[in-house]
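Have a look at the structure below before the remarks.
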Amino acid sequence: MGAFLKGYSAEKKYTPAASRMPSRSPVLSAASSLVASLDVSEATKQLRKEKTTIVQCARGALYYLRDIKDSEAVCEPLDGGDESTHTLASLWQVTGYDSDEDGLARDPRVTNIKRQRTSAGSSCSALILQPSSALTAAIDKEPTAAERMLRKAFPLVSPHGTAHLEKALRELEKYELVCQGDDYADPECLATNSEALQYARANAVVKGLTWSISASLASRGRGRTLERLKAEPFLGESNARKVLDIVETGTCGRTLSRFQRGEAPLDSSGSRRVHAHRSELGATRRMTGAPAKLELASVLCLSAIRAGELVDDTRDPIRSIAELRARPDRLASLGGGVRLQHSLAVHEDLQEPVPADDAIAMLRTVQEAVRALSIPHANGWHAEFVGGGRTRGFAGHDVDLLLSHAEEMASFLDGNGQPVFVINLLLEELVRRGRVLPKTEAYHNKKTARYRHETPRPYLSDLHMANETSKGYENLHHDHHDKFFGIWRSARTSKLHRIDIVVCSHPEELPFARLGWTGTRTLNRMMRLRAIELGLYLGAHSITARGSQTPGSTTTQVVVEARPGRTPVTVTLQKLEPLPFEYVRSEEAILRVLACGTDDFINLVEPTNRNA
DNA sequence: CGGCCTACG
DNA sequence: CGTA
DNA sequence: GCCG
């Protein structure tokens, strides 16, 4: 399917990341002139003695020196990746050392180099002396796992043939989620979903790999490939082994194969994981029957918990959608009413991918309808694709739309001082036209902000900022974006499709709404994890100081600009104070804040690199 | 050894 | 408990 | 299970 987003990209035309990389700045040129080129006789001696030699190219990337032939050096990137050849003059020998990690760690030069922030394609050499300041202190740290992840790109199709592996990891994650009861449903027990989290992260790592696992297996064998995987963020012994099992055998006998047969998976010690890790809470969710649970939970309005109860019912188990359809009594006892009944009836239709023509018609119809409403500056409303439509370039089984306006909020006060929500008027119109199914017939889930006009932008008020409670920040509730989750009927084919509409609540929050609603879910979690590391909250509305970054200090320093050649900018925030929107007017700016003012995460500006 | 994303109805 |  |  083609990229139906063409012509609809809202923010700006994206240039390929590579073309935006800073070309050799004066600083970099000066650095390379300080670098002595590779001493061929010395390097050859090291190679002959089978000593490991590290070299660095003029752009700062580090490599193992593998061979010298035809006056060129064959190099393997330290952080994985395919071998490449470099002219000898372009390389500088960092060190020759025995193949033991301690030796590497003890070499002060290498430690220094490793500390350098190396964004893809641009980097500083180890020889550049950074000015000593609080700013560099914050920057001169070992990158965290989340940080390393966000430097990657996550294309829809990885160039290293990992489709089967990705599918297996996704399947494992889904089985874990459906058996354990879905993490978002249980915010008190996030930790108990560690397995699902592991698989989601492993999948993201695989999608972001810059080297081929199968090629590595062929050329270096299992042991060295395992080490390379373990050097990737979030992959340890356990998950690296599972990844290799899947690549080598097509499956993982301990987990995936057993899940697929409806059996409980085995843990690392070989024992059956009969229950999800909830025994300490008295819960007894079983890890058996995963495929049946997955099938039932895929029905709209049927959660993983309900699916689990149906499948695990000892007296009268329901093990498939077909069985549930044949049991109106059990259906009635679920209490879902007409919406669940409708979802079940049209379930197969709703799983079908939305054709590009229909996705575009949905966007056009929504935008035309909102502009035809009798509301202030109706013509300024804009609809764009978010979700999979934006990261993949084509729709999946649903279409996600974001509505925004450059001046207007998502609601306004009428003559009587009552709030009027754009989404309500829009949906009335779309239902009247027969495009959106009404709540009397089908799933039709609408959420509008309750407080927008009572306490406008509560997160900007002093009162709000003072409202810290024992368990997190209860009143960190933002005026949320109005939302609609429902069913669309195609005017062209009369087929039904899931549609999500989000109305950006305030114009300045648009970049946050775009970033959050574009996803992916895993990438959102990575970005939010990164924000936490910086003492910040990242939500769909703003970046806010958590207020506990440094003990004893009530403020949080945020580096919003640290690119070479620009004046560094650091912002000081009070506890729970949002970062002023003037610093975050685009997704790129948000990503830059998460990268401490650098362009380290610039790969992710392109939405099609966000398929994590 | 504590934390694991965040937000809403 | 449900939705993203 | 992995990370800081």
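All chains are named by letter (A, B, ...) in the order of the sequence lines, taking the proteins before the strands, and each is independently numbered beginning at 1.
- For A145(A), whose side chain is taken as the heavy atoms from C-beta onward, the closest listed nucleotide among dC5(B), dG9(B), dG4(D) is dG4(D).
- Across the P atoms, dC5(B) and dC3(D) are found 14 Å apart, a figure rounded to whole Å.
- Across the protein-nucleic acid pair, K483(A) atom NZ and dC8(B) atom C1' stand 4 Å apart, rounded to whole Å.
- Distances shorter than 4.0 Å separate none of the side-chain N or O atoms of R528(A) from OP1 or OP2 on dC5(B).
- Taking atom CD on E147(A) and atom P on dC3(D), their separation rounds to 14 Å, with Å as the unit.
- Contact annotation: S194(A) side-chain N/O to dC2(D) OP1/OP2 distance is not under 4.0 Å.
- Proximity note for S268(A) (side chain, C-beta onward) versus dG1(D), dG2(C), dC4(B): the nearest is dG1(D).
- R258(A) places no side-chain N or O within donor-acceptor distance of the main-chain N or O of G253(A), the cut-off being under 3.5 Å.
- When rounded to the nearest whole Å, the span between CZ of R201(A) and P of dC3(D) equals 9 Å.
- The phosphate of dA7(B) has neither OP1 nor OP2 within less than 4.0 Å of any side-chain N or O from R521(A).
- Checking dG2(C), dT6(B), dA4(C) against the side-chain heavy atoms of R546(A) singles out dT6(B) as nearest.
- Residue R339(A) has no polar side-chain atom (N or O) positioned under 4.0 Å from OP1 or OP2 of dG2(C).
- Out of dC4(B), dG9(B), dT6(B), the shortest distance to the side chain of Y537(A) is found at dT6(B).
- Taking the centre and axis of the six-membered ring of W488(A), the NZ or CZ atom of R498(A) falls outside the cone set by 45° and 6.0 Å.
- With DNA chain B read from its 5' end, the first of the two nearest nucleotides for L197(A) and T448(A) is the one closest to L197(A).
- In this structure, the side chain of Q180(A) does not engage the main chain of A276(A) through any donor-acceptor pair within 3.5 Å.
- Nearer the 5' end of DNA chain B, as judged by each residue's closest nucleotide, is the contact made by Q198(A), out of Q198(A) and R450(A).
- Other residues, nucleotides and ligands place no more than 12 heavy atoms under 6.0 Å from the NZ atom of K439(A).
- Distances from the side chain of Y443(A) to the nucleotides dC4(B), dA4(C), dT3(C) place dT3(C) closest.
- The interatomic distance linking F484(A) (CZ) with dG9(B) (P) rounds to 17 Å, in whole Å.
- Atom CZ of F234(A) is separated from atom P of dC2(D) by 11 Å (rounded to the nearest Å).
- dC1(C) atom P lies 15 Å from atom CD of Q180(A), rounded to whole Å.
- Ring orientation note: the planes of H541(A) and H481(A) are close to parallel, at an angle under 30° on the 30°/60° scale.
- One atom, CD1 of I501(A), and another, P of dC8(B), lie 21 Å apart when rounded to the nearest Å.
- Taking R330(A) as the reference, D313(A), D316(A) meet the side-chain hydrogen bond (donor to acceptor under 3.5 Å, both in side chains) condition, with sequence neighbours excluded.
- Contact annotation: N445(A) side-chain N/O to dG2(C) OP1/OP2 distance is not under 4.0 Å.
- Listed candidates were dA4(C), dC1(C), dG9(B). Nearest to the side chain of S303(A) is dC1(C).
- Rounded to whole angstrom, the span from the CE atom of M526(A) across to the C1' atom of dC2(D) amounts to 11 Å.
- N239(A) comes within 4.0 angstrom of sugar-phosphate atoms only, judged by non-hydrogen atoms across all strands, and of no base.
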